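Lettering of chains follows the sequences in order, A, B, ..., and the numbering in each one begins at 1. It should be emphasised that the depicted structure is a prediction, and the values quoted were computed from it without experimental measurement.
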There are 2 protein chains.
Amino acid sequence: MSRDRDFSTIGRALATPARSAFLNLLMDGTSRPAGELAQAAGVSASTASEHLAILVEAGLVTCAAQGRRRLYRLADASVAEALEALGVLADPTPVTGYRRSRQAEHLAAARFCYDHLAGRLGTALARAWVEAGWLAGRDVLALTTAGEDGFRALRVDVDGALVARRPTTRACPDWTERRPHLAGALGAAVGRRFLEAGWVVRHRAGRGLAVTGPGLAELRERWGVSLRG
Amino acid sequence: MSRDRDFSTIGRALATPARSAFLNLLMDGTSRPAGELAQAAGVSASTASEHLAILVEAGLVTCAAQGRRRLYRLADASVAEALEALGVLADPTPVTGYRRSRQAEHLAAARFCYDHLAGRLGTALARAWVEAGWLAGRDVLALTTAGEDGFRALRVDVDGALVARRPTTRACPDWTERRPHLAGALGAAVGRRFLEAGWVVRHRAGRGLAVTGPGLAELRERWGVSLRG
DNA sequence: GGGACGCTTCGGCCGCCGCCGAAACGTCGT
DNA sequence: ACGACGTTTCGGCGGCGGCCGAAGCGTCCC
């Protein structure tokens, strides 16, 4: 069975709560220093370092030195996709402590899922773009010709997304909402454009996104998108 | 971070070569007794029983008693999808022994990927159906209106696939070919139809498919599909 | 250059887990 | 009813791996 895949090595890499926590923290596509990951996961710096080495060894995470810090991030979009698929199977971890609620609410509103918009913002946009005829297939989110023009008008790099090596569009299951949001090369291009235009801003330390005033008004006017829970 | 997913429990479930081998054996959607899995993975019956209990506990496989035997199978299509996504990251296990070559060749030609056709057969069909205009998007495989009629003419249950809870179509990365094959509700409907019509037959003990004479001729005539490597 | 800082490496401890054989349990066939 | 068979449970062994503190290494800052 030379076609068999070895799930055990990757499985081992995922198999501890600390490493799972690290991956969750990195799933928004950000780069984070080892110390921050250690503190967030509640392990000592030395333990975190060992865990991170294992994740790098497994090819799930890459490390970039920046001065005396080392920044870790997911290795690849395919890693994020695999973790998303696994997340569909995994139960959400129980809420620990009441301080989480505001934070969780914040994340549910708008966040990045590796390189594309997720949360209520991501799913609402996907829904709106399907209704506008820009994307076809409620659960497929295929780009239509109308969508090509529409996204171009938003100054999203549609042409780059059309010739990218990975699929132009992909429906990514949103863990907090029940609906998919837009991923794939176009999803990433949309995310870049939203950041570049300042419609969303990455939250400093946290994982969420702030939606700026003009962006929020634009969203509500054009697509009837509301971020109310 | 109540949105976090616990990858560690599922990771543990995947984290041994024996359990990885079991999942590989079950990825074609078949149900297999514990003893067969034990023998295939090269562990004792008692060890296999423990491993299978762990996989059941993790929700990855289910167990159905049949007489004095117990048949194990993947729990769900979402499990197969997650394993596919993980398989993209995982290296293929090294070929062990030359006897594998015929077997591997056999699997590369045609096999089931949980509930849909894969291997050269699956990817060639997907390509042909894109060229025929039945599916749109080389890497998306969205169903077109022409495709609805076409698949109906093949007596594939298109309408069931259109209203299924899961996406109608999904592009599933084929590990042996470089191209995607058709998955999702329609992929499963196509697989059922091919079995029902006798165009393909599940191989007795192995994981491959036999393509029957009439089916093969039909494939070649209608879609120019060849199974030659 | 000296000290603070971030990270990794090392050594040692402890617990978990994979492995097996033997025994128990339930089912099938005669 | 009895033995054969498939599977699970149990007990015990051995090794891997997660955890930490201390020490080592490189970088930044005054």
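Salt-bridge check for A:Glu36 with A:Arg32: passed, with a basic side-chain N closer than 4.0 Å to an acidic carboxylate O. Using a 4.0 Å cut-off between charged nitrogen and carboxylate oxygen, A:Asp115 and A:Arg166 count as a salt-bridge pair. We find that B:Arg170 and B:Glu84 are joined by a salt bridge, their nearest charged nitrogen and carboxylate oxygen being less than 4.0 Å apart.
Computed from coordinates, the A:Arg69 CZ to D:dG26 P distance equals 20 Å when rounded to whole Å. The CZ atom of B:Arg70 sits 11 Å away from the C1' atom of D:dT9 (whole-angstrom rounding). A straight line from CZ of B:Arg32 to C1' of D:dG6 spans 17 Å, rounded to a whole angstrom. Atom pair A:Leu14:CG and D:dG17:C1' shows a separation of 16 Å (rounding to whole Å applied). Whole-Å rounding puts the A:Phe22 CZ to D:dG18 C1' distance at 12 Å. Distance, A:Glu57 CD to C:dT8 P: 15 Å, rounded to whole Å. Distance A:Gln39 CD to D:dC20 C1': 17 Å, rounded to the nearest Å. Put simply, CG on A:Leu37 is 15 Å from C1' on C:dT8, counting in whole angstrom units.
The only option from B:Asp28, B:Val200, B:Asp174 that meets the side-chain contact (heavy atoms from CB on, under 4.5 Å) definition with B:Arg111 turns out to be B:Asp174.
Side-chain nitrogen and oxygen atoms of A:Tyr72 include none within less than 4.0 Å of the OP1 or OP2 phosphate oxygen of C:dG6.
For B:Arg68 against D:dC5, a side-chain N or O and a base N or O form a donor-acceptor pair under 3.5 Å.
Under the 30°/60° scheme for interplanar angles, the aromatic rings of B:His181 and B:His116 are found to be tilted.
Across all strands, B:Ala34 comes closer than 4.0 Å only to sugar-phosphate atoms, never to a base (heavy-atom distances).
Taking each heavy atom of B:Arg12 and A:Ala15 in turn, the nearest pair found is NH1-O, 3.2 Å.
A distance of 11.0 Å separates OG1 of A:Thr62 from CG of A:Leu55, quoted to the nearest 0.5 Å.
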Quick one: what's the B/S/- string for nucleotides 14-22 of chain C, heavy-atom cutoff under 4.0 Å, read 5' to 3'? ---SSBBBB
